[in-house]
Amino acid sequence: ACTSNDPADTAQVKTDTSGNANAATGPKVVIGFSAPAADHGWIAAITNNAKAQAAQYSDVELRTVEAGADAAAQRAALATLIAQKPNVIVMLPHDGKELNATGLEAMRAGIPVVNLDRAFPSAAAYRLQIKGDNYGMGLAAGQYIGEQLKAKGVSNPIIGEIPGIDSLELTQERTAGLNAALAVYGFKVANRRPAEFTADSGQAAATALLQALPKMDALWNHDDDQGIGVLAAVKQANRGEFFMVGGAGSKTAIEAITKDDSVLKATVTYSPSMASSAISLARLIGQGKGMSDLVELQVPKEITLASETITKDNASKYAKLGF
Amino acid sequence: MTARTALPRRTDNDQVLRNLGLVGVLAALVVIGIVTRPELYSDPAWVRNNILTILQQASAIGVVTVGMTFVIIGGGIDLSVGAIIALAGVWSTTLATQAYGAAGMIFTALVVGLAVGLVNGVLIAYGKLVSFIATLAMLVSARGLAAQISGKQTQVSTNDTINSIASSRLIGIPVLVWILAAVVVAGWVLLNRTTFGRRTVAVGGNPEAARLAGIDVKRHTMLLFVLSGLCCGIAAIMLTSQATSAQAAMANLYELDAIAAAIIGGTLLSGGRGTIVGALFGVLVFSTITNLFAINNLATEVQNMVKGGIIVAAVLLQQFRYRSLTNLLRRRNDPDIS
Amino acid sequence: MTARTALPRRTDNDQVLRNLGLVGVLAALVVIGIVTRPELYSDPAWVRNNILTILQQASAIGVVTVGMTFVIIGGGIDLSVGAIIALAGVWSTTLATQAYGAAGMIFTALVVGLAVGLVNGVLIAYGKLVSFIATLAMLVSARGLAAQISGKQTQVSTNDTINSIASSRLIGIPVLVWILAAVVVAGWVLLNRTTFGRRTVAVGGNPEAARLAGIDVKRHTMLLFVLSGLCCGIAAIMLTSQATSAQAAMANLYELDAIAAAIIGGTLLSGGRGTIVGALFGVLVFSTITNLFAINNLATEVQNMVKGGIIVAAVLLQQFRYRSLTNLLRRRNDPDIS
Amino acid sequence: MSKLATVLRLTDVVKTFPGVRALDGVHLEVAEGEVHCLLGQNGAGKSTLIKILAGVHHADSGELLWRGEPFAPATPQAAMRAGIATIYQELDLVDHLSVAENVFLGHEPSRFGFTRRRATAAATRRILESLGHPEIPPGRLIKDLPAAGKQIVSMARALSHDAKLIVMDEPSAVLAHDEVENLFRIIRELTANGIAVVYISHRLAEIREIGDRVTVLKDGRTTAAGLSARTPTRELVGKMTGRAFEYVFPPRVSTDTRTEPLLTVDRLSRAGEFADVSLTVHPGEIVGIAGLVGSGRSELLETIFGARRPDTGTVTLDGHRITGVGTAVRHGMGMAPEERKSQALLLDEPVFKNMTLASFAAFARAGFTAARDEQAAARRTADDLDLRPRDVDRPVRTLSGGNQQKVVVGRWLLGHTRLLLLDEPTRGVDVGARAELYQVVHDLAADGVGVLLVSSEVPEVLGLADRVLVMREGRLIREAPAGDLDEDTVLDLVMAGSLMEGEAA
Ligand SMILES: Nc1ncnc2c1ncn2[C@@H]1O[C@H](COP(=O)(O)OP(=O)(O)OP(=O)(O)O)[C@@H](O)[C@H]1O
Ligand SMILES: Nc1ncnc2c1ncn2[C@@H]1O[C@H](COP(=O)(O)OP(=O)(O)OP(=O)(O)O)[C@@H](O)[C@H]1O
Ligand SMILES: [Mg+2]
Ligand SMILES: [Mg+2]
C-alpha cells in the first residue's frame, strides 16, 4: 500500500509489511541511498524514514552516502556509490536537473534509480519517480484560503505569502499553485517575503510582511519549520486578525492546529513519508516484483503523492505522520 | 601657531562626517519609502511601529556587528559569528538545557559564545593561524557540531521567559532594542574611553609598534575574539527568543552582513580604524533596505539587484559627502594658515 | 659585507617549504584514506580513477582560485566569483544563447565574466570603493540578475559539445583537468615571468611605491578584477558542463572556498605575496578532504566538524614544517655570519 | 660653475595640504652638473618640494621650468620620462620583489610583456657594481636586506633611469660613514657627466663636502638661494632657523659609575646576528655603541629590550630578568626603534596617542583613559622637543619625517622610563632639533635615567656618550670612556679593527 493514500493504517511512516505477499522475504537487495545534508527537519525526516523503512526488511541492506552541501558534492558521493554497484539507488537530488547526468550514468551501469521528489528532466535517468506535489500543495493552500475567505464573505482580501528559499524551483511551483487556486476566487497575493526554511529567517520575513501589511486576511507560509518563526513574529507583532496556513505537515504544526490557539488553522502536506515508500518500492524493483494492489507486474514509473490539507477536524488522523 | 590648538580633532571630524553621510543614506531610504507608500507613512502609529520594527530586526545582527567591529579594528576578521550563534542557540535549547530554565539557557548561550571565541582567539593569537582561516574552520566545525547536537531538527524553545524577551517592551521600546542600545553604548565606551579600546586600535594599526610599546599583542588579539564570541552568545539568545526556536542553520551568513555593516560604517578592513556608531548605522542601512523592499513588495531577484546598487550608491554618496564636507570644514577652521 | 652573497634566496625557499608542507598534508590525507579504506586503495585502477576524480572535482574551483590569488596578491578581494559564475552560466544557457551552439555559449560565458569583472574593477579602482564592499554588492546583484534571467529555473544545457567537455578525456586525463592545468601554468607564468605579475606584487605589497615607480595602480587594479572575472567565465563553462545545466544558485559560496584555498596556499590576505602553486595545493587539500569523507561515508555534520579540525591541523602542520625547516636551512647556510 | 646652463627653475611655488601650507613661495635654480643642496628644518617643505618635481604632488601655483620648458608632471611616470629620478626619504620598495625587480619596477626590460630576467639581473648587477655594492644579489628579496642595503637599492633604482636630474632626499640618513664616502664618489661621477643632483641632508658637514650651492627653506619659503656650500655654519643655521646656534653637545656632568649597574647584559648571543655581548649601563650613564651598518647593533638593542629571544645569555634590569617586551616596559625600559614607520608609529592616529602609546595605561583610571591628561603631557613633550607643528591632535602621517622621529623619542619621555634604548635617534632630525634632543638626553641622564645609544654618526656617539662600545660583525671589540677616543680611532676600529683586537674589553 502506498502511504500517501492511507497514512492511518501504517505505524508512523513505515508501510505495512505484513499480511501481504510482497512482504515475504525475497532475495537480498542492496539499496544505495543519498539525500542532501539536512539542515532542515523535512530532509532529516526523509533520511530517518528511509532508514526506518529499510530496517523493516530482513532482505534489504541500506547503504547511505552523505550528499554534502551542494549538487557537486552529491555527484561526487554518488560516483563512489555507483562504483559499489548496489542493486538499486534511491536518491533525493539537490537539483534534479543538475544530477540528471549522474542518474543516466547509474542507469547505464545497470542500476535502477529511484528519484525522490526532484525530477530528472530525462526519462532515461530513472526507473521510478516518486515525488510530492509542490504545485498541488500551493493549490491546496490556495483552495483552503479561498474557501475560508469566501465563507467569511471577504470580498477584497489581503493575502500574504512566505515562501522558502526563493531561488529553488520547488518554491516557484508552490507559488504558481497558490496563485492558480486564488485566481479561481478572484484573489491574489498582496505581499510575498521569502525566508530560508529556518525559523529565524521565517521570523524576519514575517516581521517584514506584517509591517508591510498592517491588516491582513490570510497568510500562506510554505514550510512549517520556518513557520515556528513566523508564528513567533505574529505573536511579537501582537497580530491575530488573519488566519494562516502552513506547509509540509510537521508535528509542531499539527499540534498547534489541534490546540487551535494561534493563527495557524491548517497546513498542507508534503510528507517525508515518501522516503519510506521509495525504499519499499526500491526493494520490489530490486526483487522484480510489482505492487500487489496493481494489476501490472512491475512497479509503475511515476508516483506523485497528493497534498492533503490538515485542519483541526482531521488533525488527529495525521498526528502520527508529522515529522 | 598657537591658533592650531583650536583646530578640531581631525580624525573625529572625519568620523562624524562619514556617519553624517550614512544618516543621509538612511534619510534617502526613508524618503523613497514615503514617496512609494504614502498611505502607510501618513499613519503616525504605523511609522512609529515601523521604526521600532526596523530597530528590532537590526538588534541581533547589530550586537554581532559591534563585536565584529572590534575584531576588524584589531586587525582580524571573524567568519564564525553565524556559526557561533547557531551553536549557542542550539546548545541552549536542548531539552537538557531548557530544564534549567531561562537563566540556564542564557548562561549556556553566553558560555558557548565565550568558549568558541576563546578557541578562535587561542588558535589565532598563539597558534599563529590567519584569522580568516581559523574562523572559517570554526564556521564549518561549529555548524557541524550544532547539527549534531540538534539532530538537524529545529529545536523549539518552550521557555516563556526566553520567548517573551522578543515581545516585551520597556517604556514603549522593545527589550531587544534596549539590549542593542546597551551593547552599542558599552562598545562605544570600550573602544573610545578605555585602555582596551586604545590597545585594540594600536594592535590593529601597527602590531609591531604595539608590541614594542609593551602591549601584549597576543593576549589582546585573543580577547578580541572572546569579545566577539560573547556578542554572538548574546545575539543567540535574542534570535532564539525572536524565533522561539534554534537550529543549526540559523543566523545564516551573518558573518557577511556583520562585516559589510562594519565596513560601510567606516571600519578599515585592514585594521586600525573604525567606529561603533558607524557600524550601527551600517546595520540600520541594511535593515532599512529590507524594510523598504518589504513595504514595496519587491520580488527577491529585483530586491537583490537593487540592493547591490544601493550599497554601492551608499558608499559612493558617503565618500562624496565626506570629501566635500571635509574640505569645507577644513577651510573654515584653518583660516590662519593660508 | 661580502660574506652576504652566500646567503640563499630566502623566500623562494619559504615558498617551496610552504608548498612542501601542503604536500605533506595531502600525503597525510591519503594515508588516512589508505588506513580507513584499504580495500579500495588496494585496487590500482580505483586509485588512478580516484586521483582523476579528485582533480576533476578541483578543476572549476581551481580556475577560480587562480584568479582570486591574483586579486588578493594585488591587495583586493573578490567576493563575487560565485555570483559571476552563476550569471555567466545562466546567461550562456538561455535558450537564445544555446541557439548559437557551443561557441556562442562559451563566448557568452567569457564575455559575461569579463564584463562583470570590469564593472568590479572600475568601481574599485576608479570609484574608490573598498573591494570587499564592491564585490559584495556585485555578489548580491549578479545573483539577482541571474535569478531574473533564469526565472529561477534550472536551465538545462542541450548542447552536446558543452555537456561532453566534462566527460571527455585526452590521453586518459579528463579535459577539465587539462583546462585547470592550462590555467595554472598560465597563471604561474603571468605572475612570475611577466611585467603584469611583478607589478601585481608591487601594487598589492606597497601601492605607494608602485605609484612612485610609475605604475598605473588604478588601471592595474582594474585589470586584476577583469582577470578574476575571466577565470569565473571559464569556470562557468566547466561547471555547466559538469552539471549539464546552470542556475542562479550555482557555485554557491565559491568565494569562501577560493579565498580559503589561496590563503592556505600561502597568499597573504593583505596582499603583496602569494603563489599559484600554493593556491593549487590549497584547492587540492579541500577536494581531497571531500573525497576522503565520501569514501568513508561520514555523516555531513561529522564531516563538517572534522573538516574544520583538518584545516586547522593542515595550517599548523605546514607552519611547523616551515619554521623548523627554515631554521635548519638558515643555520646551514649562514655559518659565516656569527 | 656659474656659466653652466640652468636645467631647473622654480619660481614662487605654493603647495597647500589640508590645514598646512607646506610650500609658500619657493624659488630654486639648479644648474647642469651641479650638486644643489636643499637645507631646512624638519617640516620646512623639502620633501614636498621634491615630490612636486617627481609628479607625486601638484603645485597649487608657481612656475616650473625644466630645461627651459614649462613643466608640470602629472604622474611619477611623466617626471621620469622627462629625466627626473628621485630617491625618496621614506624607502619605498616592495618587500616581496627581488632587488632587480625593485630597481626596474615600472620600466622592466621585457619582451611581449615577459620579463627578461637575465637582462634585468645583469643590468642590476652593473648598477650595483657602479655603486660599489657588487655583493648585493639581484635575486635577493628586498625584505631580506638590511636597511642600508635597501637604501642602495633605492639609489640603484634612480640610476636605472636615464636621468638628467637626480633628487636625493636624505640618502645618507641610513648610511654609515664609509657608505657616505661611497655615495659621494657616485655623485661626483654623475655630476662629471653633466647630471644635476639635488641633495637633501641635515648634516652640514656633508653639504660642505659634496655640495656646490645651497638653497635654504624655512617654513615653506626660500630664505636663501644659490649660496655657496662653503657659507659659514652660523649663517646657514641662521637662515634655516632664524636663530643662531651651533651643532654642539652640551657639557656633561660626570656620573658615578660605582653605583650598582642598572642594566646588565650577560653573554648575549643570537645566531647570525651577534655573539657573546656583555655590557652594563649605570643609572645616569649614557653608553654609546658605534659600529658599521649591519654590525648587528639594532638586533642587539631589540634583544636587550626583549623583542627578540636570545639564543643564550641574560638581560637584567635592576635585578629583574627581562624575558619579553612586557617585562621590559613594566620595569621601565623604553626603546626608540630604528624604523619609525613600521616599528613605532600608528600613522593615522593623532600625535598625542602615539606619544602615550606606552603610557596610556598609566594615565588611565580603572581602565578608563584620560585623554585630557595625555594631551597635556604630550603637549609638554612636544614643547620639549620643538615639534612642528605643535599640534598634538594631528595625525602623525601628516608630520614631516624628522618630526615623526621626535614623536617616537617623545613616547619614552612620558612614562617612568629608567633605561632608554635609542636606535639612530637623530636620523632625519634637523640641526636645531638635534641639539634639543641631545639636551633632552642629557637631562634624562641627569635625572638618573640610563641611556644606551646606537648611532652611525661617530661624532654623535663620542659627543653624547660617557662610555663607548665599538661593535664589529656582531661582537663588541672595544670599550672605553668617550674622552679616550677620537673619531679616527673609532672609524679604524669599526672598519679594520684587526690591530686592536687584543684590546677588546
Ligand atoms: N600628505 C600630507 N598631508 C598634510 N600635511 C603634509 C603632508 N605631507 C607633508 N605635510 C606637511 O608639510 C610640511 C612640509 O613637510 P616636508 O615633508 O616637506 O618637510 P621636510 O622639509 O622634508 O622635513 P624633514 O626634514 O623632517 O623630512 C610639514 O608641516 C608636514 O607636516
Ligand atoms: N631582514 C633581514 N634578513 C636577513 N638578515 C638580516 C635582516 N636584517 C638584518 N640582517 C642581518 O643582521 C645583521 C645586522 O643588521 P643591521 O643592519 O640591523 O645592523 P645594525 O648594526 O643595526 O645596522 P644599522 O646601522 O642599519 O642599524 C647583518 O648581518 C644583516 O645582514
Ligand atoms: Mg623630508
Ligand atoms: Mg640598525
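Throughout, a chain's letter reflects where its sequence line sits, starting with A, and its residues are numbered from 1.
The parts of Gln153(C) that come within reach of chain A are both its backbone and its side chain, each placing non-hydrogen atoms under 4.5 angstrom from that chain. In this structure, the portions of Thr154(C) lying under 4.5 Å from any heavy atom of chain A include both its backbone and its side chain. Residue contact with chain C, scored on non-hydrogen atoms closer than 4.5 Å, involves the backbone and the side chain of Thr64(A) alike. Gln172(A) touches chain C through its side chain: at least one heavy atom from C-beta onward sits under 4.5 Å away, while N, CA, C and O do not.
With contacts defined as side-chain heavy-atom distances shorter than 4.5 Å, the pair Lys131(A)/Asn115(A) does not qualify.
The distance from the CG atom of Asp223(A) to the CG atom of Asp225(A) is 5.5 Å, given to the nearest 0.5 Å. To the nearest 0.5 angstrom, Ile54(C) atom CD1 is 10.5 Å from Asn49(C) atom CG. How far CD1 of Ile85(C) is from SG of Cys232(C): 5.0 Å, rounded to the nearest 0.5 Å.
Heavy-atom pairs under 4.5 Å with chain A were tallied for Gln247(C), Gln303(C), Gln57(C); the largest tally goes to Gln247(C). When each of Leu81(A), Thr80(A), Asp166(A) is scored by its heavy-atom pairs under 4.5 Å with chain C, the top score falls to Asp166(A).
A donor atom on one side chain and an acceptor atom on the other are not found under 3.5 Å apart for Ser157(C) and Asn159(C). Counted by atom type alone, Glu196(A) and Ser201(A) present zero donor-acceptor pairs between their side chains at under 3.5 Å.
Scanning residues 88-101 of chain A against chain C with a 4.5 Å non-hydrogen threshold yields Asp95(A), Lys97(A), Glu98(A), Ala101(A), sorted by number.
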Worksheet item: Hey, mind stepping through Ser276(A) and Ser273(A) against side chain to side chain donor-acceptor pair (under 3.5 Å) and telling me if it holds?
Response: CA-CA 5 Å; Ser276(A) 315; Ser273(A) 59; over 6 Å; no
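Partners of Arg37(C) according to the salt bridge (charged side-chain N to carboxylate O under 4.0 Å, His left out) rule, which considers only residues two or more places apart in sequence or in another chain, are Glu39(C).
Within a 6.0 Å radius of CG in Leu95(C), other residues, nucleotides and ligands contribute 12 heavy atoms or fewer.
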